[in-house]
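Here the structure is laid out as structure tokens; the discussion comes afterwards.
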Amino acid sequence: MEDDAELFYRQLPKVELHAHLNGSVSVATMERLIARKPHLNIDHSMTAILKGQRRTLDECFQVFKVIHQLIDTEEDLLMVTKSVIREFAEDGVRYLELRSTPRADSKTGLTKRRYVESIIEAIRQCKEENVDTEVRFLVAVDRRNGAEVAMETVKLAEDYMLASDGLVVGVDLSGDPNVGHGKDFLPALQKARNCGLKLALHMSEVPSQKEESELLLTLPPDRIGHGTFLHPEVGGSQSLVDRVREKNIPLELCLTSNVKGQTVGSYQKHHFPYWYQLGHPCVLCTDDKGVFSTSLSMEYQLAAATFGLSREAVWTLSQQAIGCSFATDAVRQQLQQRWALLLPEVFPTSSCLHREPTALQTCGQGL
Ligand SMILES: CC(C)=CCNc1ncnc2c1ncn2[C@@H]1O[C@H](COP(=O)(O)O)[C@@H](O)[C@H]1O
Ligand SMILES: [Zn+2]
């Protein structure tokens, strides 16, 4: 049975800005895929990291290889995207930015264009079926594939930005942070920027990316994924922090992902409080809800429990995420109105409001 806290976090309207499509596939959907492809001999332990388990970053990236084998047709993509969107909506996510790396597969005839089109079609179908969340799509550049593919991917993103009625809004840079160097992707990312695509870049996910982060900040990105090793206490630098703050670049923070992927030693050691205390825009996200067996409600609950956030502070955090999205001003305004309407539902009686400021709130910038 759902307890009061779980209900609060699920009812809380939320914005998800950092979700990799193939990493977000639930166990239930995996079961359907596994049943469709029994010859692959894949079982659940190969597609998700359960509660209490951890893996090295390398092992985590192996998981994606397995998942990609299961999702290799247009039909799979349509089914998977629709299920992921529905699950986020059921978890109270009212605005969702999904990201995914276009893949081609000669065995099934899947092309990168059909890959993107299948995702756009799934978003459209969910809208027609009145699934209660507004969805946008970021086309992902996988660092592993090098500069040339990055440029092709950006061109694809540009085409679909113009041909998707505003559903494609940006480009992501992701993939194994130990592979490749950001400088190789600068021309492609610059091109994306120049044609009006927003940039959400994974940065400083591992300690060795300091120089790369300095370079990527010259673009600058519109949002930063993780930014785990930006600050001086963990080997980053004050100048990196200063630049991120000057440009007010929001951080997408994924607690469970970082702890399970072992780039952060424990929840208490996560960099969320470092940035939150500075009053810097921080958005809680799931990263890969399927792989890391989490949900956005769970991430909010985890952050609140670990860092002593009041329910009011949690509300403000979720509302502030609207302003960090890549939605148009009109959509942001609609979301703000939606939040205002939902406030009495989430806080039915004033006794539910926890008014004493926590240590973090007093340090924070009115959060
Ligand atoms: C392994 C680990 C700790 C993951 C969390 N941190 C991540 N860091 C960088 N890229 C990622 C991460 N999680 C997912 N991705 C990217 O998203 C892809 C899966 O989603 P998709 O196929 O693009 O739809 C992966 O192949 C990888 O390129
Ligand atoms: Zn990510």
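First listed ligand is number 1; within each ligand, the first listed atom is number 1. Along the sequence shown, residues carry numbers from 1. This structure is a prediction, so every number in the text was calculated from the model and none was measured.
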*Is there an N/O/S atom in His202 at a distance below 2.8 Å from the Zn ion (ligand 2)?*
yes

*Name all pairs fulfilling the side-chain hydrogen bond (donor to acceptor under 3.5 Å, both in side chains) condition that reach into residues 145-156, sequence neighbours left out, sorted by first residue then second.*
none

Run through all N or O atoms in ligand 1 and write down each protein N or O closer than 3.5 Å, as a pair with its distance.
residue, atom, partner, partner atom, Å
ligand 1, 6 (N), Glu205, OE2, 2.8
ligand 1, 6 (N), Asp287, OD2, 3.2
ligand 1, 8 (N), Glu205, OE1, 3.1
ligand 1, 8 (N), Glu205, OE2, 2.7
ligand 1, 10 (N), Gly175, N, 2.9
ligand 1, 13 (N), Asp288, OD2, 2.8
ligand 1, 17 (O), His20, ND1, 3.0
ligand 1, 22 (O), Asn22, ND2, 2.8
ligand 1, 22 (O), His68, NE2, 2.7
ligand 1, 23 (O), Thr101, N, 2.8
ligand 1, 23 (O), Thr101, OG1, 2.6
ligand 1, 24 (O), Asn22, N, 2.9
ligand 1, 24 (O), Asn22, ND2, 2.7
ligand 1, 24 (O), Ser100, OG, 2.6

*Proximal heteroatom of Asp287 relative to the Zn ion (ligand 2) (N/O/S)*: OD1

*asked:* I need the full list of ring pair (Phe, Tyr, Trp, His ring centres under 6.0 Å) pairs touching residues 39-81, with sequence neighbours left out, sorted by first then second residue.
replied: Phe61-Phe64

*Do you see a donor-acceptor pair shorter than 3.5 Å between the side chains of Ser325 and Glu97?*
no

*Anything under 30° is parallel, anything over 60° is perpendicular, the rest tilted; go ahead and classify Phe307 against His270.*
tilted

*Is the Zn ion (ligand 2) under 2.8 Å from any N, O or S atom of His18?*
yes

*Are side-chain N/O atoms of Ser118 and Arg114 paired as donor and acceptor at under 3.5 Å?*
no

_Inter- and intrachain pairs under ring pair (Phe, Tyr, Trp, His ring centres under 6.0 Å), touching residues 168-207, at least two apart_ = His18-His202, His20-His202, His202-His226

*Answer yes or no for Arg136 and Phe326: cation-pi contact, defined as NZ/CZ to six-membered ring centre under 6.0 Å and angle to ring axis within 45°.*
no

